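Beneath this line is the structure, given in structure tokens, with notes to follow.
In each ligand, atom 1 is the first atom listed, and ligand 1 is the first ligand listed. Nothing here was measured: the structure is a model prediction, and the numbers come from that model.
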Amino acid sequence: MLLKLLTILLVLYPSYLNAFATKPEAAKSLLKWKTSLINQNNPLLASWSLDPSINRTTSSAPCTWYGVHCNDHRDVVKLNLSNSRLNGTLQYFTFSSFASLTHLDLRQNDVSGPIPVEIMYLSKLLFLDLSGNHFSRTIPQEIGMLTNLETLSLHGNNLEGHIPISIGNMSKLGHLRVDDNKLSGSIPRELENLANLVKVNMSFNFLTGHIPSGLGHLTKLSELYLFLNNLTGSIPPTLGNSSSLRSLYLHMNKLSGRIPNELGNMNNLILLHFGHNQLTGSIPASLGNLTNLKMLDVHENFLSGIVPQELGKLESLTELSFSHNKLSGQIPVSIGNLSRLELLYLNDNQFNGSIPKELGNLHSLVELILLINQLRGPIPDSLGNLKRLEQFTVHSNKLSGYFPETIGKCKKLRYLILSDNLLTGRVPKSVCNLRSLKILHLGNNRLSGVIPQCLSNFSHEIQVLDLRMNRLHGNIPTTFVKQNNKLKSLNLNGNRLQGSIPRTLVSCRDLEVLNLGNNMLTGGFPHWIDTLPEMQVLVLRGNKLNGTLLKMNTKTPFQKLRILDLSSNEFSGLLPSNYFKNFKAMMAVDKDVSKDLYMGDNYMYDDTVVLVLKGLSLELQRILVIHTTIDLSVNKFEDEIPDTIGQLRSLRYLNLSHNSLSGRISTHLGNLKVLHHLDLSSNKLVGGIPQQLTSLTFLADVNFSQNQLKGAIPQGGQFNTFGNSSFQGNSGLCGFPLTKKCGDDGVSLSPTPDDEDKDEDSTFFDGFSWKSVVMGYGFGMLIGSGIGWLMFHLGKPRWVIRITEQSRQKRK
Ligand SMILES: *[C@@H]1O[C@H](CO)[C@@H](O)[C@H](O)[C@H]1NC(C)=O
Ligand SMILES: *[C@@H]1O[C@H](CO)[C@@H](O)[C@H](O)[C@H]1NC(C)=O
Ligand SMILES: *[C@@H]1O[C@H](CO)[C@@H](O)[C@H](O)[C@H]1NC(C)=O
Ligand SMILES: *[C@@H]1O[C@H](CO)[C@@H](O)[C@H](O)[C@H]1NC(C)=O
Ligand SMILES: *[C@@H]1O[C@H](CO)[C@@H](O)[C@H](O)[C@H]1NC(C)=O
Ligand SMILES: *[C@@H]1O[C@H](CO)[C@@H](O)[C@H](O)[C@H]1NC(C)=O
Ligand SMILES: *[C@@H]1O[C@H](CO)[C@@H](O)[C@H](O)[C@H]1NC(C)=O
Ligand SMILES: *[C@@H]1O[C@H](CO)[C@@H](O)[C@H](O)[C@H]1NC(C)=O
Ligand SMILES: *[C@@H]1O[C@H](CO)[C@@H](O)[C@H](O)[C@H]1NC(C)=O
Ligand SMILES: *[C@@H]1O[C@H](CO)[C@@H](O)[C@H](O)[C@H]1NC(C)=O
Ligand SMILES: *[C@@H]1O[C@H](CO)[C@@H](O)[C@H](O)[C@H]1NC(C)=O
Ligand SMILES: *[C@@H]1O[C@H](CO)[C@@H](O)[C@H](O)[C@H]1NC(C)=O
């Protein structure tokens, strides 16, 4: 009995030995690879050891090791080392030791170097995931020998070169991801052979060429992502054959031609994104047959013509974007049938006609964006039914009629932007029911009546209140809340407002922009606002404000101020030397200055949106910083220009003209190294023009005319470029560019102004060019923020850039 047992054991022993003898090959291979890793002490790999002092169960190695899975024969069939902080290459990985491997999962590690050709030895492989590493070089042609592969995931690496055509030999392939690499060349036509393909993601590469039309024959294909490449040619009509397709993302390529009618046959399509291409022609009515469609996005193309009524059949649609095209005609009434629609973007087209009242049926609508079109007629009352609406943006159209009272029923509205239209009548009080409102922009309309007092009541939510360029009269509302006031920007420029500037504004601790210019305001300078710590733009020009600026409420007033415009009022007394001493933002050099306004503007929206704004913020900053400005012109200021002004080293524009300033021109002006424009004309200044000003290398324009200056005009530097109109009206001045030579008393000054000097800079002296910049600033800020959501969804905001470019053109 005992003997028998012993015999059995003896018989079995060799096979056991044998088994033990072959397996260590895999174990040794893994160990060899482990020692090649940069972080071989990785604690996750601690079990990878044949040292019995580390693990007594070495006999079962490597099957018991971390990430290693064996079959009953103790062949390694699966290596799952995903997310294991591996750092190294596959150069010392002996693929030939793993002939039984079916799954290799190395996703999310730090593996770099090429994918070795030897990977072809893994002939049983079903699943290969190398994504989220740093693999580089080309995908080896030999990968095509893995003919059993069902899943190939190489995304999120640095792979380059072409996608190997041998991929067409992986006839079992169902899932293919090579997105987010640096692949170039075209999409291999051989993909057409892969009848089992379910999901293909090749987006975010540098692929060129056409979309292979054979993809349409892949009957199992359900998801096709080719976005963010450089694909050209047209969308193959054969795609209409792929009846399984649910997601089709072709956006951000250079696809041209028409949207094929055949696409209306993709019965199962749920998501269609063709945005940001060069598609032309009209939107095919057949798309109305895609009754499962949830997203239809064709923004930023060259689509034209009329939107087909048939789209009203897309009853599953939640997101519809046609923005930035050339679509025209009426917004289809049938869109009102899309009861699940949440986002409707029709902006930047040529839609005319009126806003269909049927849009009021869209009970799910969250964002309605119709800006920059040719829409006419009134805003329909029915929009008051949109109880979930958070954004309603229709600026830059031709809408007329009243601002509908019913809008006050859209209680969730956060952004209400109706600016640049022809709206008339009053601002309805109902607007104050909009307790979530963050931005209210009604500027550039024909609104009249008084500003509802209640608007200042809800400044604990509202951040931007912009009613500029209307016909509003009466007083500025006074009931700004004391607690939690969030108002950042108040712009009432260009109305007919009367009375004084309310003291309660001091409750708006976050205020950055206060623009009350061009009204009929009276009273003194609102010195109490000098304590508002965030104030950056203060524009009070064109009112009837009077008194002095000498009173200071804090030792550190206006630390962040960059634009001070008090022009065309009746201010008197000395120039505010104490303020000049404290304009810290105007003293800083540009780089520091540019930071706070837009970098830190996450007050505007959610962080996601701020990310989107990044690209844009640069533009806005540039406008703002370049125009660091003091304009105190056309007042009754008297006495000398204080030397403290010389500390404002980032000042670009200084206009003190049309006052009663006397004394000599401060030599400290020579410290304003970035000064572009200097206007001291029409004062009572005496003495000479300081030689120091010739060191101001950016000075594009000066005006010293109509003073009592005398002596030689400094020569050199920018002074060689100024015309004589800059100096006329000073009987004592002599030298170039005046005809009067110095030391030659007998010759009288030529009174004819130099008409050649009519470049755009001269508009500065009308207060035009930089005034428009102040406006541009407010507007830019509004767009930058109000449209944040829009950009978030639509990508690069072409129209915003257009606007900022416009203001730049105006400037120069
Ligand atoms: C030793 O191997 C066993 C069996 O797989 C494993 O559970 C254990 O964690 C290993 N011990 C060490 C110290 O690695
Ligand atoms: C590998 O492990 C991760 C984490 O447990 C898991 O999500 C993944 O599906 C595994 N991979 C394979 C191929 O089994
Ligand atoms: C991987 O190793 C390289 C080279 O030493 C090193 O630069 C890199 O930071 C390492 N990565 C990680 C995540 O440790
Ligand atoms: C695909 O497989 C066939 C036959 O197995 C072979 O002849 C051909 O060379 C392979 N093609 C590629 C591109 O690897
Ligand atoms: C497709 O690839 C893109 C880019 O890498 C990625 O952002 C996206 O999540 C992928 N989608 C799917 C479904 O694989
Ligand atoms: C697309 O091609 C253009 C040149 O035609 C090139 O400038 C651009 O970088 C390419 N973009 C991508 C994503 O490959
Ligand atoms: C695929 O579409 C093309 C063009 O629409 C059509 O001619 C062809 O018959 C279709 N093929 C199949 C297999 O449905
Ligand atoms: C929509 O599909 C129906 C059949 O399902 C077809 O008769 C009709 O022509 C299609 N409509 C369009 C506009 O293609
Ligand atoms: C609106 O657009 C359509 C189509 O482009 C055009 O025929 C029509 O004249 C336009 N209507 C107005 C009022 O501009
Ligand atoms: C869609 O809207 C049109 C016009 O408003 C209407 O005549 C039609 O009955 C609606 N269709 C459905 C299915 O609701
Ligand atoms: C606005 O606030 C004032 C005082 O804070 C209050 O008397 C007035 O009733 C409020 N008006 C509205 C419409 O809430
Ligand atoms: C300011 O103007 C008002 C009239 O609007 C006048 O009564 C007042 O005296 C003026 N104040 C000063 C300091 O000039």
Side-chain angles (χ1 to χ4, degrees), residues 34 36-45 81-91 106-113 129-136 151-159 163 173-183 187 197-207 221-231 245-253 270-273 275-276 281-283 295 302-309 322 325-333 346 349-356 370 373-377 397-400 422 795:
K34 179 184 170 182
S36 82
L37 296 176
I38 288 162
N39 57 343
Q40 47 182 286
N41 297 326
N42 184 341
L44 286 175
L45 298 187
L81 302 171
S82 65
N83 259 308
S84 302
R85 301 193 291 271
L86 304 177
N87 194 350
T89 69
L90 288 181
Q91 192 185 347
L106 298 181
R107 82 183 79 153
Q108 302 296 342
N109 282 292
D110 241 339
V111 186
S112 51
D129 192 340
L130 305 180
S131 66
N133 282 287
H134 303 292
F135 285 105
S136 55
T151 298
L152 177 58
S153 301
L154 304 178
H155 55 283
N157 281 293
N158 298 320
L159 297 167
I163 299 171
L173 202 61
H175 295 260
L176 173 61
R177 284 194 68 178
V178 294
D179 51 279
D180 192 6
N181 278 294
K182 296 172 180 165
L183 299 168
I187 300 173
L197 272 182
V198 173
K199 172 175 161 181
V200 174
N201 194 343
M202 299 188 163
S203 48
F204 210 173
N205 279 295
F206 302 109
L207 300 173
L221 192 64
S222 162
E223 300 173 46
L224 180 59
Y225 306 96
L226 302 177
F227 60 91
L228 253 172
N229 279 295
N230 252 348
L231 300 171
L245 209 57
R246 296 160 68 86
S247 305
L248 181 56
Y249 283 70
L250 306 180
H251 54 287
M252 299 185 119
N253 279 292
I270 293 175
L271 305 165
L272 183 159
H273 197 342
H276 228 295
S282 54
I283 293 170
M295 178 180 80
F302 304 118
L303 299 168
S304 57
I306 293 182
V307 174
Q309 287 287 349
F322 290 156
N325 278 291
K326 297 174 178 171
L327 299 166
S328 59
Q330 175 77 37
I331 296 174
V333 166
L346 304 178
N349 277 290
Q350 293 155 19
F351 288 110
N352 60 23
S354 53
I355 302 177
L370 308 174
N373 277 294
Q374 312 276 329
L375 297 169
R376 290 153 207 273
N397 278 288
K398 295 176 178 166
L399 298 169
S400 56
L422 307 168

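Among all heavy-atom pairs drawn from Phe351 and Asn373, the shortest one is N-OD1, 3.1 Å.
Taking every non-hydrogen atom of Asp110 and a distance limit under 4.0 Å, the qualifying atoms of ligand 3 come out as 11 (N), 12 (C), 13 (C). The Ser328 neighbourhood of ligand 9 comprises atoms 4 (C), 5 (O), with distances under 4.0 Å to a heavy atom of that residue. Close approach to Gly329 involves these atoms of ligand 9, each under 4.0 Å from a residue heavy atom: 2 (O), 4 (C).
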Begin from the C-alpha positions of Asn109 and Ser84 and carry the test side-chain contact (heavy atoms from CB on, under 4.5 Å) through to its verdict.
CA-CA 6 Å; Asn109 282 292; Ser84 302; 3.8 Å; yes

Take Leu90 and Phe135 through the side-chain contact (heavy atoms from CB on, under 4.5 Å) test and state the conclusion after the steps.
CA-CA 9 Å; Leu90 288 181; Phe135 285 105; 3.7 Å; yes

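Here the CG-OG1 distance, from Asp110 to Thr89, works out to 12.0 Å after rounding to the nearest 0.5 Å.
Relative ring orientation between Tyr249 and His273 is described as tilted, the plane-to-plane angle lying within the 30° to 60° band.
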In a simple table, one pair per line, please give the protein and ligand 5 atom names for every N or O pair closer than 3.5 Å, along with the distance.
{"residue": "ligand 5", "atom": "2 (O)", "partner": "Asp179", "partner atom": "OD2", "Å": "3.0"}
{"residue": "ligand 5", "atom": "2 (O)", "partner": "Asn201", "partner atom": "OD1", "Å": "3.0"}
{"residue": "ligand 5", "atom": "2 (O)", "partner": "Asn201", "partner atom": "ND2", "Å": "2.4"}
{"residue": "ligand 5", "atom": "2 (O)", "partner": "Ser203", "partner atom": "OG", "Å": "3.0"}
{"residue": "ligand 5", "atom": "5 (O)", "partner": "Asp179", "partner atom": "OD2", "Å": "2.6"}
{"residue": "ligand 5", "atom": "11 (N)", "partner": "Asn201", "partner atom": "ND2", "Å": "2.9"}
{"residue": "ligand 5", "atom": "14 (O)", "partner": "Arg177", "partner atom": "NE", "Å": "3.4"}
{"residue": "ligand 5", "atom": "14 (O)", "partner": "Arg177", "partner atom": "NH1", "Å": "3.4"}
{"residue": "ligand 5", "atom": "14 (O)", "partner": "Lys199", "partner atom": "NZ", "Å": "3.3"}
{"residue": "ligand 5", "atom": "14 (O)", "partner": "Asn201", "partner atom": "ND2", "Å": "2.8"}

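The 12-atom threshold is not exceeded at CZ of Phe204, counting heavy atoms of other residues, nucleotides or ligands nearer than 6.0 Å.
In summary, of the residues considered (Leu183, Leu207, Leu231), a side chain to side chain contact (heavy atoms under 4.5 Å, CB included) with Met202 occurs for Leu207 alone.
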